[in-house]
Amino acid sequence: MGGGKGKLASSPVIAAISLIGVVYYITVFVFVDDLLGLSTSPGRLNACIFSWLAFMCLFSFFVAVLTDPGSVPPSFAPETEDPLKFGEPLKYCDKCSTYKPPRAHHCRVCRRCVLKMDHHCAWISNCVGYANYKAFILCVFHAAMASIYSMVVFFINTLEEHHNFEGVYNKIFYVLFGSLVSLLSLALSTLLGWHIYLLTHNITTIEYRIAVRAMWLAKKSGQKHHHRFDLGVYKNLSMILGPNVLKWLWPTATGHLRDGTQFAISKADDRPPVSPNS
């Protein structure tokens, strides 16, 4: 991790952290307290569960922000004796004036090539790439779970009979917070579902966009398009989350990652296999 002070001071990052703080405070100290009471066992249990979700979301968020997504190694160069050593002909980046490994793309915002780039995320002021994709996924996962949890607590509390909703400010507060957690739940759940699809197929957002035409042509001709890096659900998950299932939900457990320049290719691909990256 390095050069993170500037990223942490960016407006989107501060806004995201503030939003997490606001939702956490209102959920625990307003709605959980009002519904169950923080002095009771059920209240403390729900507060602890939500606190853990919020902590993991925030922790994963910081890891995603502060971790370099992956730069092309200075020693990386095309193999003259074996041009398909990396599984496909290497592409030359005119902006960086160097060859880039398979699955690497040039980010116009970061102004450099990023290994296995998925997309540039403004909310973390960083690219989502080879080295921080796990942290990003876990951040979205815990954020979605926390938002849904908050929404459920909110609506259960709202449906309680003792509420009379007297006062304009009280009504505005309920409408605003209810709308906020509902929109967050919908947006984050959709984003999580999308990235679970990408994760289980070992494909990035950029690769999916590129493959859309290939998918359409394959479907039109009665064939099934197969992503060349798709090794099966479990292997795909292990390549991103790690070989130890017990560490899948810990964002800094990334010892399985290598240099991000070589990737295993599916046996369904008729080209020579490449050394796996895990």
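Below, each value reflects all heavy atoms present in this structure, side chains not excepted, and no hydrogens, waters or symmetry copies.
- Of all the heavy atoms in Leu115 and Ser71, the pair that sits closest is CD1-O, 3.4 Å.
- Listed for the His106 side chain is no donor-acceptor partner under 3.5 Å among the backbone atoms of Cys93.
- The line from CG of Leu19 to OG of Ser147 is 8.0 Å long, rounded to the nearest 0.5 Å.
- Ring to ring, Phe31 and Phe177 are close: their centroids are under 6.0 angstrom apart.
- Rounding to the nearest 0.5 angstrom, the gap separating the CD1 atom in Ile124 from the SG atom in Cys139 is 8.0 Å.
- A 4.5 Å side-chain heavy-atom check between Ile206 and His119 finds every atom pair outside the cut-off.
- The distance from the CD atom of Gln262 to the CZ atom of Arg103 is 13.0 Å, given to the nearest 0.5 Å.
- Between Trp250 and Phe59, the ring centre distance stays below 6.0 Å.
- There is no side-chain donor-acceptor pair under 3.5 Å between Thr204 and Tyr133.
- The two residues Trp123 and Val13 have their closest heavy-atom pair at O-CG2, 3.5 Å.
- No continuous path of hydrophobic side-chain contacts links Phe155 to Leu183 [ILVMFWY only; heavy atoms under 4.5 Å].
- Not a single donor-acceptor pair under 3.5 Å links the side chain of Thr67 to the backbone N or O of Ala64.
- At distances below 3.5 Å, at least one donor-acceptor pair connects side-chain atoms of Asn46 with backbone N or O atoms of Pro42.
- Using cut-offs of 30° and 60° for the angle between ring planes, the Phe50 and Tyr149 rings count as tilted.
- Looking only at atom types and distance, the side chain of Asn236 has no donor-acceptor partner in the side chain of Thr200 under 3.5 Å away.
- Looking at Asn126, its side chain never comes within 3.5 Å of a backbone N or O of Asp68 through a donor-acceptor pair.
- Under the 4.5 Å side-chain criterion, counting only non-hydrogen atoms from C-beta, Arg111 is not in contact with Cys96.
- Ring geometry for Tyr92 against Tyr99 counts as perpendicular: the plane angle is over 60°, on a 0 to 90° scale with 30° as the lower cut.
- For Asp118 (side chain) and Thr205 (main-chain N/O), a donor-acceptor pair under 3.5 Å exists by modelled atom type.
- Under a 3.5 Å cut-off, the side chain of Asn157 and the backbone N or O of Phe154 do not form any donor-acceptor pair.
- Within the 3.5 Å criterion, the main-chain N or O of Val109 finds no donor-acceptor partner in the side chain of Arg112.
- When atom types are taken as modelled, the side chain of Ser150 and the backbone of Ala146 share no donor-acceptor pair closer than 3.5 angstrom.
- Contact of the Leu66 side chain with the Lys7 side chain is not registered, since no non-hydrogen atoms from C-beta on lie closer than 4.5 Å.
- Judged purely by atom type and a 3.5 angstrom limit, Lys134 uses its side chain to pair as donor or acceptor with the backbone of Leu241.
- Remark: side-chain polar atoms of His256 are paired, donor with acceptor, to backbone N or O of Ile240 under 3.5 angstrom.
- Aromatic pair Tyr208/Trp194: ring centres closer than 6.0 Å.
- Between the NE2 atom in His201 and the CZ atom in Phe229 there is a gap of 15.5 Å [rounded to 0.5 Å].
- Hydrophobic clustering (ILVMFWY, side-chain heavy atoms < 4.5 Å, transitive): Ile17 and Val22 are in one cluster.
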